[in-house]
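Here is how names work: the chains are called A, B, and so on, in the same order as the sequence lines, proteins then strands, and each is numbered from 1.
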Amino acid sequence: MRPSLAKLARKTSPFSAPPPLHRPTTWLEPERVVEVSFAEWTPEGLLRAPVFIRLRDDIEPRSVRNGPPAKPAKARRDSLPASEAGAILQQLDNDANRLDLTVGGARIRLTNLERVYWPADRRARRAPITKRDLIRYLAAVARFMLPHLKDRPLTMIRMPEGIDGERFFQKHWEQSMPDFVETVTVFSGHKGEKQDYILANNLPTLLWLGQNGTLEFHVWHSRAAVGPDAASNRTDYSSSLEALESSVLNYPDYLVFDIDPYIYSGKEAQGAEPELNEKGFAGARKVALWLRTLLKQMALEAVVKTSGKTGLHVFVPIERTVTFDGARQICEMVGRHLMKEHPKEITMEWAVEKRSGKIFIDYNMNVRGKTLNVAYSPRGVPGAPVSMPLAWEELETAEPLDFTIGNVMARLEKTGDRWHDVLLGKHSLAQAFGSISRG
DNA sequence: GTAGCCC
DNA sequence: GGGCTACAACGCATG
DNA sequence: CATGCG
Ligand SMILES: [Mn+2]
Ligand SMILES: [Mn+2]
């Protein structure tokens, strides 16, 4: 039984960008659907002269879109024109603490733009970085970052009070969401069996996440989208564990090697993870380059990025022909082979204390539902570093703090996305298996 | 950053 | 209305 | 099996 309309009353608008009001208004939870007749869509995407016709309890509220139906699609581009970001930057270019941003047809209410997210540090000669700076960065970097976020279930790392405030993971968004936010429903076997994940598939979503204090964007290594390279074309992610396991979300589109230095600076608190230090990162760099060489011998081309914290991410883009289990086995094999060649430098130990003094290769990231900070995502640590894709030659001299939300745009305008090919040329694993069995 | 709960 | 709290959570490795 | 790990 549906709740009665009176029970659904609420004081505040459920819309993320409340429409202009001309008379006193009673808001309702968006839980029931009504049919109305109306004169036309206004240019703002509102109803002109709507009149109630009937309740439509046969329609699922979540399936209802706000605004006129999309125009018969222009071919979808996978990157945005730079001008779209320009319009955002222009609106942000003032000192208002709050403002209603217009993004295409959507409106996003931005608040606390002056709040310091990354505090100043005089010793490191760092100026404060505000929430406005974050949203500016997201708007500018979107055309490079969105392709790497597309269709991947997102975990938000939120710090609404900045990096010195409370921080929390958030996988699901229970509150009302703007219409432009796409989601995917995934079986969970927890809390009522299924849960919605956000897909950061468009610019307004990225900016809205910034408004919500998302400083880090962590994504799955598989995509909720079918394609000719995928061994599964199933998109039922939610009806059962079996459905999810046989769906395309169970087929990663890259192998992941998470490279974490466990070389301590000596300044860490008891039991804390190692801080960024030159020796540790130099070790990570060396291991990544060895790994690249080994993979090359297997006819696999790897790409590298800084994680933004202390280590590196090495990915091998692949056709989606093996499940996460298969991918993990391959990475374990490759990792152990490399460890045998460099036992002094590399560890794959599971007990943290046994990793000390070495570089940890984590192959266990190749699991459905595991996430890593996506390319170009900032990190909630001092200096506002970002996860930076690099050419292998650039890695030789790179340091994690070389790439921050204050300087990567200038670099990107010159170099473009170093990981552009990750999204295109996927490798067939058949050749790799061949080269292993040949010895 | 925001919603819900409890006083 | 103000203060407090929640906002992940699972499968794999290992002993 | 319980627990630690990311
Ligand atoms: Mn790690
Ligand atoms: Mn890492």
TODO: Select base, sugar-phosphate, or nothing to describe what A/Met156 touches, counting heavy atoms under 4.0 Å on all strands.
DONE: nothing

- [ ] Give A/Arg328 one of three labels, base, sugar-phosphate or nothing, depending on what nucleic acid heavy atoms sit under 4.0 Å from its own.
- [x] sugar-phosphate

Open item on the list: Within the 4.0 Å heavy-atom criterion, would you say A/Asp325 contacts the bases, only the backbone, or no part of the nucleic acid?
Closed with: sugar-phosphate

Task: Basic-acidic side-chain contact under 4.0 Å: A/Asp229, A/Lys426 - done: no

TODO: Please measure how far the C1' atom in C/dA9 lies from the corresponding atom in D/dT3, and state the result in whole Å.
DONE: 15 Å

TODO: Describe the nucleic acid contact of A/Glu161 in one word from base, sugar-phosphate, nothing, applying a heavy-atom distance below 4.0 Å.
DONE: nothing

If you look only at distance, which donor and acceptor atoms sit under 3.5 Å apart when one is on a side chain in residues 340-350 of chain A and the other is two or more places apart or in another chain?
unit_1, atom_1, unit_2, atom_2, d
A/Glu341, OE2, A/His337, NE2, 3.3
A/Thr347, OG1, A/Glu349, N, 3.0

Open item on the list: Pair A/Trp419, A/Phe315 - check ring-ring contact (aromatic ring centres under 6.0 Å, His included), show working.
Closed with: CA-CA 10 Å; A/Trp419 272 28; A/Phe315 286 13; 5.0 Å; yes

Task: base_contact_polar (B/dG1 base, A/Arg158 side chain, donor-acceptor, <3.5 Å) - done: yes

Open item on the list: What's A/Glu166 touching, base or sugar-phosphate or nothing? Going by heavy atoms closer than 4.0 Å.
Closed with: base

Open item on the list: Regarding A/Arg115 and A/Glu161, does a basic nitrogen lie under 4.0 Å from an acidic carboxylate oxygen?
Closed with: yes

TODO: Describe the nucleic acid contact of A/Thr111 in one word from base, sugar-phosphate, nothing, applying a heavy-atom distance below 4.0 Å.
DONE: sugar-phosphate

Open item on the list: By the 4.0 Å heavy-atom rule, please label A/Phe324 as base, sugar-phosphate, or nothing.
Closed with: nothing

- [ ] For A/Phe187, report the nucleic acid contact type (base, sugar-phosphate, nothing); a contact means any heavy atom under 4.0 Å.
- [x] nothing

- [ ] Under 4.0 Å between any heavy atoms, over every strand shown, what does A/Arg167 touch: base, sugar-phosphate, or nothing? Just pick one.
- [x] nothing

